[in-house]
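Note that the structure is predicted; figures quoted are calculated from it, not measured. Reminder, nothing fancy here: chain letters follow the sequence lines and each chain counts from 1.
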Protein chains: 2
Amino acid sequence: MQAKDKVTAKTGYHHGDLRQQLVTATRQLVEEKGQDNFSVSDACRKAGVSTAAPYRHFSDRQEMLHAVALEGMAEMKTAFDAALEGKTPCSKDAIAAIGEAYVAFAVAHPGMFRMMFAHHDPDETLKTRGDACYGVLLQQVGGFIGVPADAEEGRAASFPLWTFVHGLAFLAIDRKVEFADMSVQVPQMVQLATDRLLVAKS
Amino acid sequence: MQAKDKVTAKTGYHHGDLRQQLVTATRQLVEEKGQDNFSVSDACRKAGVSTAAPYRHFSDRQEMLHAVALEGMAEMKTAFDAALEGKTPCSKDAIAAIGEAYVAFAVAHPGMFRMMFAHHDPDETLKTRGDACYGVLLQQVGGFIGVPADAEEGRAASFPLWTFVHGLAFLAIDRKVEFADMSVQVPQMVQLATDRLLVAKS
DNA sequence: TAGCTATGTAAGAGCCGCTAACAATGTTAG
DNA sequence: CTAACATTGTTAGCGGCTCTTACATAGCTA
């Protein structure tokens, strides 16, 4: 690979999979430099195409960033499912594991995580994928307290947990708290919050 | 006032208080359009000066945004002090009032609030003012559980509360949760979390 | 009032987002 | 097989942005 950091080499005039390559490039740049300092031109240089090429696949710069948010939300769902493996379903342990995975995901992909939750006006797809993530928690909590996954009672019990790990995630990635050993202290915090906040009746 | 939205009229060649006027303009624009869509040129138009003028007072665009974050952090401290008035010092009620004020501040000034917590590399002043805000909570919690305001035990008891309201604030301003009546439900949530999370021994 | 410092403007370099016109390639109907 | 069309790339360029340089104006002080 001659050019540093090219996402892939171009094979000919047509690219094959430019859209996904641009998403990947955007994602890398967002993590490296933050979404404020990301430029479409940067992504084009990484993908090895002209600066006009992205507009065949995205309506504007914002939509490129949005595509990264979508990708992130899908990956977080996968991370949640993985976190549950080996846990007793609907146990407090399983529920805490989701919270730990949430913060771990944010810390591993801070730029992408921020975009997943930035308020973009009209986006049903992102909301749907977000609901799928939240659904993993709802199901475990519902089972734990003995109500259907979509019951209002389950939502009331789940929301404080989400709120807590969401706050912890942002404090961690914005460096408002310094953990001596994040891989120890974050799970501790999450387990403490789960113990305190998770009760059948809210 | 002829030009729409001018922050103040210019009196002559020299301005008098351009720095503060630019901060105010920046703040207004950040709230209206978000920090991504804020431009130095916009702020100049609002202040009625040339686009080169800000660079006599700020090193770059980022520093203008930073000045807004500083202003916000000072105002949040004031809001905390105001929230404590009429409350029994070091009561659970007082502690919950700080949390409610935290979320209310974020909802009232979402653009500024986001900047107050965006991770900017080397900024001691912002951290100091942030510590002053956190100090209000630490003092109340310390008093509640009966330890000095700077005791490690007080920090351990306060941090989960901060984490929770921080998460609630971001979920609210990013519209990830829709409250039927925010002025009712947010205090309920905060009081619930305070009850559950605030115990003497962590 | 002369000189110094502070703070404004004008002009422009360089980058970016995005568009319009065009070119190369892939696809499909006859 | 080929002509027509759809797709997806390029080149060139407009307008706007950040920030710098050189200069102009105004307030302060000796």
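Between A/Asp36 atom CG and C/dC16 atom P the separation is 15 Å, expressed in whole Å. Whole-Å rounding puts the A/Leu65 CG to C/dG17 P distance at 10 Å. If you take CG of A/Asn37 and P of C/dG17, they are 11 Å apart, rounded to a whole angstrom. A straight line from NZ of A/Lys33 to C1' of C/dC16 spans 12 Å, rounded to a whole angstrom.
Considering only residues two or more places apart in sequence or on other chains, A/Glu71 meets the side chain to side chain contact (heavy atoms under 4.5 Å, CB included) condition with A/Gln20, A/Val23, A/Arg27, A/Glu75. For A/Leu138, the side chain to side chain contact (heavy atoms under 4.5 Å, CB included) partners at least two apart in sequence or on another chain are A/Tyr134, A/Arg155, A/Ser158. With sequence neighbours excluded, no residue satisfies side chain to side chain contact (heavy atoms under 4.5 Å, CB included) with A/Ala82. In terms of the side chain to side chain contact (heavy atoms under 4.5 Å, CB included) criterion, residue partners of A/Ser39 (sequence neighbours excluded) are, by chain and number, A/Ser41, A/Asp42, A/Arg45.
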Tabulate atom names and distances for all N/O pairs under 3.5 angstrom spanning the protein and nucleotides 14-19 of chain D.
from	atom 1	to	atom 2	distance (Å)
D/dC17	OP1	B/Arg45	NH2	3.2
D/dT18	OP1	B/Val40	N	2.6
D/dT18	OP2	B/Val40	N	3.3
D/dT18	OP2	B/Ser41	N	3.0
D/dT18	OP2	B/Ser41	OG	2.9
D/dC19	OP2	B/Tyr55	OH	3.1
D/dC19	OP2	B/Arg61	N	2.8

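Annotation: side chain to side chain donor-acceptor pair (under 3.5 Å) contacts involving residues 159-175 of chain A, sequence neighbours excluded, comprise A/Tyr102-A/Trp162, A/Tyr102-A/His166, A/Arg114-A/Asp174.
Atoms CE and CG, on A/Met73 and A/Leu126 in that order, are 4.5 Å from each other to the nearest 0.5 Å.
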